Amino acid sequence: MWEAAGLNRKPDLADGVVYRSSERTVWSWLSAGRREGRMGPRPRSRFVVTREIRQQLAMWGGNVSAVHRELAARAVRDPSLGPVPSLSVFHRAVVRELSAGERAGLRGGEGARRRFDVYGKRPRTHRNACWEGDHKRIPVRVDLEGSAVCPWVTWFIAVAAKVIVGVAVTPHQPARDAVLAALRTGISRTGPYGPFGGLPGVVWVDRGKEFLCRTVERALGAFAVPVDDLPAYKPYRKGTIEALNGAVEEMLLVSLPGYTHRARPAEAYRPDPPEDLLSYPDFVKSCWIGWLGGTPSTTRPASPTARRPRKPGRRMGAG
């Protein structure tokens with residue numbers, strides 16, 4: 001019996017001293033292990049959330065009290081179903097067996113559930129190991145020669161240093177010229193650009209045709225910089241640039257005149273006239289240049305570890 005319990009010899013009184021229990025208690029544990037197949041305390045019976053209860057929770061939008069009332073009314077109509085636990089016991093069972101993401105998904109749908117998803121953390125890399133690029137439509141109306149337009153920004157951010165290395169602002173939907181202009185401000189480290197920037201190891205984009213066009217591919221291919229096309233509708237794959245898109249709206253754009261996402265009274269939307277808006281040159285100068293500091297070199301000291309500019313005619317990987 002003691003061999004089945006994992007003991008090399010018959011337990012004696014000395015073993016009871018080691019276990020801080022009497023010999024009779026040790027023999028009781030061994031007999032319970034043989035009889036019931038358990039090596040610990042007897043599990044307590046508790047209420048379990050079944051598949052049917054999960055379906056009821058989905059139908060009621062995660063309302064635990066409503067599901068409990070329905071189960072109680074059903075038990076009154078049909079006593080053979082058995083008793084229904086109290087509301088507190090029922091609520092503890094739901095919290096214990098359903099994760100926070102599942103409960104949020106029942107209340108708010110798939111979008112609410114995704115906020116509780118866990119993603120792997122990227123390992124730390126060196127500067128310019130990876131850039132992320134994206135377009136963003138600025139939700140601010142500006143005056144462009146008497147017409148109100150919403151500008152676009154094309155920018156690149158270094159993933160390791162969290163630094164904006166290249167920016168291009170256009171009054172229209174960007175094309176390949178905006179991508180090339182943003183790349184030039186990022187790759188060039190001579191005045192007025194730098195000290196951040198240089199040649200990235202790889203550029204991540206999410207299927208933007210302007211980033212994947214042949215002109216941009218040739219421009220980056222001349223420096224042997226690959227462009228990694230990430231899957232669509234997966235913003236977490238390039239979370240650094242997506243976080244930047246949200247931060248600029250919360251920290252800068254919401255305070256500007258002509259902000260289009262500002263709350264207004266119902267059925268009282270009146271767009272701001274062009275004369276009350278910032279002009280496009282003033283928007284670029286006072287907002288983007290002011291918020292970004294003109295160029296990174298005007299707000300941040302030169303880093304001793306910045307990449308050295310490449311000599312003309314020098315091949316990548318040589319020397």
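From a predicted model like this one, the values you see are computed outputs, not experimental measurements. When reading the values below, keep in mind they use all heavy atoms of this one structure, side chains included, and skip hydrogens, waters and symmetry mates.
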I'd like to check the side-chain contact (heavy atoms from CB on, under 4.5 Å) partners of [X]; sequence neighbours left out, ordered by chain and number.
X: Arg218; answer: Arg214
X: Ala175; answer: Asp177
X: Leu144; answer: Val149, Pro171, Tyr280
X: Ser147; answer: none

Return a table of donor-acceptor pairs under 3.5 angstrom between the side chains of residues 93-101 and protein atoms on other chains or two or more places apart.
{"unit_1": "Arg96", "atom_1": "NH2", "unit_2": "Phe47", "atom_2": "O", "d": "2.8"}
{"unit_1": "Glu97", "atom_1": "OE1", "unit_2": "Val49", "atom_2": "N", "d": "3.3"}
{"unit_1": "Glu97", "atom_1": "OE2", "unit_2": "Val49", "atom_2": "N", "d": "3.3"}
{"unit_1": "Ser99", "atom_1": "OG", "unit_2": "Glu102", "atom_2": "N", "d": "3.3"}

Using side chain to side chain contact (heavy atoms under 4.5 Å, CB included), reason through Ile241 and Trp131 one step at a time and then give a plain yes or no.
CA-CA 9 Å; Ile241 194 74; Trp131 287 5; over 6 Å; no
Partner residues of Glu110 under the salt bridge (charged side-chain N to carboxylate O under 4.0 Å, His left out) criterion, sequence neighbours left out
Arg113, Arg114
Using the salt bridge (charged side-chain N to carboxylate O under 4.0 Å, His left out) criterion, which residues pair with Glu145? Sequence neighbours excluded.
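Partners of Glu145 under the salt bridge (charged side-chain N to carboxylate O under 4.0 Å, His left out) test: none.
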Nearest 0.5 Å please: distance from the [atom1] atom of [X] over to the [atom2] atom of [Y].
X: Glu52; Y: Leu57; atom1: CD; atom2: CG; value: 11.0 Å
X: Lys162; Y: Leu244; atom1: NZ; atom2: CG; value: 11.5 Å
X: Arg92; Y: Leu87; atom1: CZ; atom2: CG; value: 10.0 Å
X: Ile187; Y: Leu220; atom1: CD1; atom2: CG; value: 6.0 Å

Is there a donor-acceptor pair closer than 3.5 Å between any side-chain N or O of [X] and the backbone N or O of [Y]?
X: Glu242; Y: Pro235; answer: no
X: Asn128; Y: Gly197; answer: yes
X: Thr185; Y: Val167; answer: yes
X: Thr125; Y: Ala160; answer: no

Set of ring pair (Phe, Tyr, Trp, His ring centres under 6.0 Å) partners for Phe156, sequence neighbours left out:
Phe211
Please say whether more than 12 non-hydrogen atoms of neighbouring residues, nucleotides or ligands are located less than 6.0 Å from [atom1] in [X].
X: Arg74; atom1: CZ; result: yes
X: Trp60; atom1: CH2; result: no
X: His91; atom1: NE2; result: no

Contacts of type side-chain hydrogen bond (donor to acceptor under 3.5 Å, both in side chains), residue Ser65, not counting sequence neighbours:
none
Could you pull out all residues at least two apart from Arg107 that satisfy side-chain hydrogen bond (donor to acceptor under 3.5 Å, both in side chains)?
none
Show which residues join Val48 in its hydrophobic cluster (side-chain heavy-atom contacts under 4.5 Å, direct or indirect), or state none.
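Noted: Val48 shares its cluster with no other residue.
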Sub-4.5 Å side-chain heavy-atom contact between [X] and [Y]:
X: Phe283; Y: Leu256; answer: yes
X: Pro257; Y: Asp276; answer: no
X: Thr154; Y: Glu210; answer: no
X: Phe223; Y: Leu183; answer: no
X: Tyr236; Y: Asp117; answer: no

Considering only distance and modelled atom types, tabulate donor-acceptor pairs under 3.5 Å from the side chains of residues 199-209, sequence neighbours left out.
{"unit_1": "Trp204", "atom_1": "NE1", "unit_2": "Asp228", "atom_2": "OD2", "d": "3.3"}
{"unit_1": "Asp206", "atom_1": "OD2", "unit_2": "Lys238", "atom_2": "NZ", "d": "3.4"}

